[in-house]
Amino acid sequence: MSKEDDPHGQEKSYGPLSAFRLAAARTIATVADLPEETVYGLLESPPRPDLGDFAFPCFSLAKTHRKAPPMIAASMVETLNASPFPELITAAQATGPYINISIDHDRFCRAILELVLAQGESYGNLETGKGKAVVIDYSSPNVAKPFGIGHLRSTVIGAALARIHRAAGYEVFGINHLGDWGTQFGKMMVACMRWGKPGENDPDPVKTMFNLYVRFHKEAESDPSLEDEGRAWFKKLEEGDPEAHKYWVLLSDIGRTEFSRIYDRLGIQFEHFTGESFYNDKLTEMVDLIKEKGLLETSQDAQIVNLEKWDMPPALVKKADDSSLYLTRDLAALLYRHRTFQFTKALYVVGMEQTLHFRQLFKVGELLGLDWVEGCEHIPFGLIRFKEGRMSTRHGKIIFLEEVLDRSVDLVQKIIDEKNPELENKEEVAHAIGIGAIVFNDLKHRRLKDVQFDWDEILNFDGKTGPYLQYSHARISSILRRSNETPTALPEKLQLDLPEEKDLVRRLATFSRVIQSAADESEPSYVSTYLLDLAEVFNRYYNLGGKNPANRVLCEDQEIRSSRLCLVLSVKTVLQKGLALLGVKAPEKM
RNA sequence: GCGCCCGUAGCUCAGUCGGAUAGAGCACGAGUUUCCUAAACUCGGGGUCACAGGUUCGAAUCCUGUCGGGCGUACCA
């Protein structure tokens, strides 16, 4: 219960809501005979908005008061009602074991909407990360393989985390730790030499590489000497063999070109595009350091760090043939990154199957006495699987990301032609929605869950999807266009009396907290879920106008109309901002 | 074998630092458009929160065990 020791910190994290929460806590504290901070920490949200804005559970008082919680609640509310409420508080009522506090609705709406209108797209931003640098290693595809749907996860989760951390005030360095080094490169060289490398005029060099990759692994099953040959060529590459280097340039260029095109489509930019090869000249220093600390051992001709004490298999630093491994390069990268960026946090957005690798990596860092390794964290995520089982590039069982994007955009194109054929810049919108649907689909579930690839589901644009959010945004844009006015300030008297309106404002108020927890837990889906809830309330609200024109935003009464315009503009701002955090565009029309 | 992750409606999931009647979407059935974009909205059926113990005033949530699925477990990344 040490959380309550820091009311200031909490005040910050509740954002614009904190003043009201504090007032509620103060109110309860007077009758509960508890410190204000304790009450502040215990406050909950009632399950239904009509019950009130803050709920105080009386269970914990049962022992000291020697009474049943509902009776405590009732008698405390009686006391509260006997004298006038403090500022910002309008009502207290006992419902079972809870005291529900209602806050000053007008002041609340005014405070929130004023803030959103004033801050615009920076609404929700925090300063918790101010002065801190965070390094995010994400996407990091293997150059020798095509970009499959499986790579989408690291890419979009990492990109979202980069934006979310920026919104939380951090300085972010996104790094694409391209897999452009390692044994698999030697294997690709062997494949090229045996079966022909992608030529200069190859229309689809990626496809050619993919075929070579699959063929190599198929033939290696019956001829294991291929593997040895691959390892030998990688060793040559590391030793600076010119022929090996030539192949390396050819292959990594093909990969880089392909990936750049995909990142463009996804709207992702990296601060650093430094692959594993970048650390080739930094490996010696790393190995020397390990040796210096007396951690290096020779085992079965390989150089290792023994991690038996920590119930882990040994960390392999050098292979028997003295060439480097994934871990060697990651250790070098770790050192380099801290030196270069002085990070407080370093996130590795890499699949869950590599958990052991990162445990070993961080443990070796710790053994080397690098105390800052504490700030390093593996951010794992679940696999994308077929219904029939695992995807495997080696066996050619893969779905290309570009195919998914293409099909999605095509389908959106068709839907637009059907629903809104007059739409200008159709292609641009189709791109925004088609890509957005795929990206959002990947970010709407909690990271750790395995996801099953299903064409029907990924190309479904109804319900809890990216297009649903974009559609809500477009609806608001349409209202604002028709209104012929852009609200810049709140009207004298803010009139938002529908329960849906209050609900919307309440949700707007929690946006910064959502960003905070998404950053703290590296969980972009918090933002997705939040946006879906917000849009759902908005759409319900919007549909009220279908039955009764007085409930429309663009209603007769000028004052109500202005109030509602401010509200929906705020909702639009948050939708747009939230989608932007996830890497999804929000078109004005669709 | 051991380690990590997951198990909530037919399907996909939210809810998980314990709290009020376990919520959505998809699919299925029935409705809503002379009126702010029907990619929307409303209503309906549908649940032993994998199972068994334990802690607690209170457990989908915490602990232990069992079962089921996934991943990993030295020269791949």
Side-chain angles (χ1 to χ4, degrees), chain A residues 3 44 46-48 51 55 57 59-60 62-63 68-69 95-98 100 140 142 144-145 179 181-184 187 227 230-231 276 299-304 311-321 323 325-327 329-330 350-357 359 380 382-383 385 389-390 394 412 415-416 418-420 433 437 444-446 448-452 454 456-457 460-468 470-472 474-483 525 528-529 532-533 535-536 538-549 552-555 564 568 589-590:
Chain A
K3 270 191 285 183
E44 299 172 9
R48 293 194 322 272
L51 287 170
F59 305 103
S60 56
K63 276 199 181 115
T95 311
Y98 290 88
N100 290 317
S140 311
N142 192 326
K145 301 185 204 175
W181 207 248
T183 309
Q184 90 276 4
K187 295 180 185 175
E227 303 265 0
R231 280 189 273 270
E276 294 186 68
S299 166
Q300 298 173 26
D301 296 328
Q303 306 289 305
I304 65 153
D311 283 326
M312 278 186 265
L316 265 89
V317 176
K318 285 278 188 160
K319 295 197 275 197
D321 69 3
S323 61
L325 286 129
Y326 184 33
L327 186 83
R329 285 165 249 137
D330 255 1
V350 180
M352 202 172 58
E353 66 278 7
Q354 290 188 34
T355 302
L356 179 60
H357 166 76
R359 281 183 57 214
L383 243 46
R385 311 164 37 77
R390 195 182 175 168
R394 294 188 175 195
V412 170
I415 297 174
I416 291 175
E418 189 185 305
K419 296 188 192 258
N420 198 355
I433 297 171
K444 73 176 172 184
H445 300 142
R446 280 194 155 240
L448 279 167
K449 301 236 177 189
D450 280 357
V451 299
Q452 210 174 76
D454 181 348
D456 289 340
E457 202 186 317
N460 170 33
F461 307 140
D462 296 331
K464 301 187 154 198
T465 62
Y468 175 77
Q470 293 168 316
Y471 182 70
S472 312
R475 269 184 155 176
I476 299 176
S477 304
S478 170
I479 295 173
L480 291 167
R481 268 199 308 277
R482 284 168 181 269
S483 76
S525 72
S528 325
T529 312
L532 287 170
D533 289 344
E536 197 188 314
F538 167 75
N539 280 310
R540 203 183 310 136
Y541 173 53
Y542 180 93
N543 273 60
L544 295 175
K547 280 197 184 108
N548 180 359
R552 284 185 210 159
V553 174
L554 302 177
C555 59
R564 289 180 180 166
V568 297
K589 297 182 185 173
M590 63 185 271

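Residue numbers start from 1 in every chain, and the chains themselves are labelled A, B, ... in the order their sequence lines are given, proteins ahead of strands. Keep in mind the model is a prediction, meaning the values are calculated, not measured.
Heavy atoms of Ala55(A) sit under 4.0 angstrom from at least one base atom. Here Asn100(A) lies in heavy-atom contact (under 4.0 Å) with a base. No contact: Gly179(A) has no heavy atom under 4.0 Å from any strand. Here Gln300(A) lies in heavy-atom contact (under 4.0 Å) with a base. Counting non-hydrogen atoms under 4.0 angstrom, Gln470(A) reaches nothing in the nucleic acid. When heavy atoms are screened at a 4.0 angstrom cut-off, Arg231(A) is found touching the sugar-phosphate backbone but no base atom. Residue Glu44(A) is in base contact, counting any heavy-atom pair closer than 4.0 Å across all strands shown. Heavy atoms of Ser299(A) sit under 4.0 angstrom from at least one base atom. When heavy atoms are screened at a 4.0 angstrom cut-off, Thr529(A) is found touching the sugar-phosphate backbone but no base atom. Among the atoms of the strands shown, base atoms are found under 4.0 Å from some heavy atom of Leu316(A). If you check every strand for non-hydrogen atoms under 4.0 Å, Pro47(A) touches a base.
The P atoms of rA38(B) and rU32(B) are separated by 15 Å, rounded to the nearest whole Å. Rounded to whole Å, the C1' atom of rG70(B) lies 43 Å from the corresponding atom of rG31(B). Across the C1' atoms, rU33(B) and rA39(B) are found 15 Å apart, a figure rounded to whole Å. rC6(B) and rC51(B) have their C1' atoms separated by 16 Å, with the value rounded to a whole Å. Using atom P as the reference point in both rU61(B) and rU56(B), the two lie 16 Å apart (nearest Å). Comparing the P positions of rU66(B) and rC4(B) gives a spacing of 13 Å, expressed to the nearest Å. A distance of about 11 Å separates the C1' atoms of rA27(B) and rU12(B), rounded to the whole Å. Taking the P atom of each, rA9(B) and rG3(B) are spaced 28 Å apart, rounded to whole Å.
Between the C1' atom of rU21(B) and the CG atom of Leu51(A) lies a distance of 11 Å, rounded to the nearest Å.
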Quiz item: Given pairs defined as Watson-Crick or G-U wobble with both distances under 3.5 Å, what dot-bracket annotation applies to RNA chain B, with ( ) intrastrand, [ ] crossing, | other strand and . unpaired?
Solution: (((((((..((((.....[...)))).(((((.......))))).....(((((..]....))))))))))))....
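Applying the side-chain contact (heavy atoms from CB on, under 4.5 Å) test to Leu316(A) and every residue at least two apart in sequence or in another chain returns Ala302(A), Ile304(A), Leu325(A).
Side-chain atoms of Asp450(A) never come within 3.5 Å of backbone atoms of Gly382(A) as a donor-acceptor pair (strictly under, hydrogens ignored).
Relative orientation of the Phe538(A) and Tyr541(A) rings is perpendicular, given thresholds of 30° and 60° on the angle between their planes.
The side chain of Lys449(A) contributes no N or O atom lying less than 4.0 Å from OP1 or OP2 of rG70(B).
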Exercise. Give the B/S/- string for nucleotides 25-32 of chain B, one per nucleotide from 5' to 3', where a protein heavy atom under 4.0 Å of the base yields B, of only the sugar-phosphate yields S, and otherwise -.
Key: SS------
